[in-house]
Novice: 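Right, I'll just put the structure down here and ask away after.
Residue numbers start from 1 in every chain, and the chains themselves are labelled A, B, ... in the order their sequence lines are given, proteins ahead of strands.
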Protein chains: 2
Amino acid sequence: MVIDRSLLTGSTTTLILKLLEEGDMYGYQMIEVLAERSDDTFQLRAGTLYPILHGLEKDGMLESYEWKEEGERARKYYHLTVKGKKLLEKKTAEWEEYTRAVNKVLRRRKEYETVQR
Amino acid sequence: MVIDRSLLTGSTTTLILKLLEEGDMYGYQMIEVLAERSDDTFQLRAGTLYPILHGLEKDGMLESYEWKEEGERARKYYHLTVKGKKLLEKKTAEWEEYTRAVNKVLRRRKEYETVQR
DNA sequence: TTGACATATATAGATTATCTATATAAAATG
DNA sequence: CATTTTATATAGATAATCTATATATGTCAA
């Protein structure tokens with residue numbers, strides 16, 4: 001199923017921070033890993049990702065470094081800072097509250113229907 | 001907790017359609033009911049709601065009518081059409097898939113962490 | 001070995017769903 | 001009678017995506 005892009009808004013940054021909590025990654029890798037873990041629900045665009053990474057680095061949430069693996073081309077790796085970890089915690093809590101609230105509305109049973117005025 | 005507004009994107013229309021599934025409502029009432037049911041997580045702005053209602057009506061998802069209750073002022077009520085009901089079903093399914101995918105990423109245990117390259 | 005495709009990063013400009021601010025008017029409240 | 005709340009409406013700003021485009025390296029098949 002193709003989900004509406006607009007739903008992504010606001011959670012993309014959280015997802016990126018979460019990936020980096022597990023270990024340093026480079027941009028293109030994040031796109032691949034995110035697609036794989038979400039069963040292709042998230043097909044993050046390069047044009048979306050890179051500006052977000054630049055912004056997060058500018059705000060001190062991430063730090064980047066060039067690294068060239070043996071027999072691989074050089075890539076730009078990103079590392080989650082302590083500040084970034086705190087942002088991840090905050091955003092995860094927001095996500096939980098947000099989904100709880102939406103589900104409370106959406107999963108309301110028709111039996112509890114208010115009387116029509 | 002004040003959740004980031006950007007998270008709302010994409011789900012507002014679904015929430016509105018859901019309210020109308022239970023019975024006809026007028027705009028201002030939707031704002032109140034949504035706040036109440038979400039424990040004030042959703043404080044939908046009038047300036048957000050009314051343009052959405054106009055758009056949904058233009059697209060045939062809703063129908064509106066003026067109605068004056070005994071001893072009340074006249075209000076503009078909205079009714080969910082069959083087309084609107086189908087949209088609600090589609091959007092609810094999208095919501096389920098989207099949250100499932102986000103949670104799959106966010107709730108990944110650190111124990112399953114990939115080896116750092 | 002060359003041309004096409006995949007990998008990898010980057011940015012400008014468009015799109016879209018919110019927001020704020022503002023307007024109007026009726027009804028309630030003090 | 002003045003202020004606040006209820007109720008609807010729209011213009012313009014903001015913000016997070018998107019598409020399109022650019023550049024360069026590495027891989028693979030013809």
Novice: Quick one: list whatever passes side chain to side chain contact (heavy atoms under 4.5 Å, CB included) with B/R107, sequence neighbours left out.
Specialist: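 Partners of B/R107 under the side chain to side chain contact (heavy atoms under 4.5 Å, CB included) test: A/E96, B/N103.
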Novice: What's the separation between atom NZ in B/K91 and atom CG in A/L106, rounded to the nearest 0.5 Å?
Specialist: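 Result: 11.0 Å between the selected atoms.
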Novice: Taking only nitrogen or oxygen atoms into account, show me every contact under 3.5 Å that the protein makes with nucleotides 22-29 of chain D, one pair per line with its distance.
Specialist:
unit_1	atom_1	unit_2	atom_2	d
D/dT25	O2	A/R73	NH1	2.9

Novice: Evaluate salt bridge (Lys or Arg N to Asp or Glu O under 4.0 Å) for B/E94 paired with B/K90, printing each intermediate quantity in order.
Specialist: CA-CA 6 Å; B/E94 276 182 25; B/K90 181 169 159 280; 3.5 Å; yes
Novice: Evaluate the side-chain proximity of A/M30 to A/L53: yes if any heavy-atom separation is below 4.5 Å, no if none is.
Specialist: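 The answer is yes, as the side chains (C-beta and beyond) meet within the 4.5 Å cut-off.
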Novice: Give the rounded distance in Å between these two atoms: CD of A/E94 and C1' of D/dA16.
Specialist: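 Going from CD in A/E94 over to C1' in D/dA16 covers 15 Å.
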Novice: Provide, to the nearest angstrom, the distance between the CG atom belonging to B/L49 and the P atom belonging to D/dA7.
Specialist: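 The answer, rounded to whole Å, is 13 Å.
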Novice: Does B/Y50 put a side-chain nitrogen or oxygen below 4.0 Å from OP1 or OP2 of D/dA7?
Specialist: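 Answer is no, no contact under 4.0 Å.
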Novice: In whole Å, what is the span from the CZ atom of B/R75 to the P atom of D/dA9?
Specialist: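 Roughly 14 Å, once rounded to whole Å.
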Novice: May I ask you to evaluate whether A/Y28 reaches the phosphate of C/dT7, defined as a side-chain N or O under 4.0 Å from OP1 or OP2?
Specialist: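 A/Y28 to C/dT7 OP1/OP2: side-chain N or O found under 4.0 Å.
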Novice: What's the OH-P distance between A/Y26 and C/dT9, to the nearest Å?
Specialist: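 So the two atoms are 7 Å apart, to the nearest Å.
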Novice: Assess the residue pair B/L62 and B/L17 against the criterion (side chain to side chain contact (heavy atoms under 4.5 Å, CB included)); give the C-alpha distance rounded to whole Å, side-chain angles, the decisive distance to 0.1 Å, and a yes or no.
Specialist: CA-CA 9 Å; B/L62 309 180; B/L17 294 173; 4.1 Å; yes
Novice: OP1 or OP2 of D/dT10 less than 4.0 angstrom from a side-chain nitrogen or oxygen of B/H54, does that happen here?
Specialist: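 Checking D/dT10 against B/H54, a side-chain N or O does come within under 4.0 Å of OP1 or OP2.
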Novice: For the residue pair A/Y98 and A/W95, does the interplanar ring angle fall in the parallel (under 30°), tilted (30 to 60°) or perpendicular (over 60°) class?
Specialist: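 Rings of A/Y98 and A/W95: tilted, 30 to 60°.
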Novice: Rounding to a whole Å, what distance do you find between A/F42:CZ and D/dC18:C1'?
Specialist: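 So the two atoms are 16 Å apart, to the nearest Å.
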Novice: Using whole Å, report how far CD of A/E69 lies from P of C/dA8.
Specialist: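 Taking atom P of C/dA8 as the reference, CD of A/E69 is at 12 Å.
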Novice: From the options A/Y78, A/Y65, A/W67, select the one residue that forms a side chain to side chain donor-acceptor pair (under 3.5 Å) with A/D24.
Specialist: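 Only one of A/Y78, A/Y65, A/W67 forms a side chain to side chain donor-acceptor pair (under 3.5 Å) with A/D24, namely A/Y65.
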Novice: Taking atom C1' of D/dT8 as reference, at what distance in whole Å does atom CE of B/M25 sit?
Specialist: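 Result: 17 Å.
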Novice: Could you check whether any side-chain heavy atom of A/M25 comes within less than 4.5 Å of a side-chain heavy atom of A/L20, counting everything from C-beta outward?
Specialist: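 Yes. Closest side-chain heavy atoms under 4.5 Å.
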Novice: In whole angstrom, give the distance that lies between atom CE of A/M30 and atom P of C/dA8.
Specialist: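 Going from A/M30 (CE) to C/dA8 (P), I get 12 Å.
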Novice: Along nucleotides 18-24 of chain C, 5' to 3', which nucleotides get a B, which get an S, and which get a -, given that the test is a protein heavy-atom distance under 4.0 Å?
Specialist: SBBB---
Novice: Give, for atom CG of B/L19 and atom CZ of A/R108, the distance between the pair rounded to the nearest 0.5 Å.
Specialist: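 Rounded to the nearest 0.5 Å, the CG-CZ separation comes to 9.0 Å.
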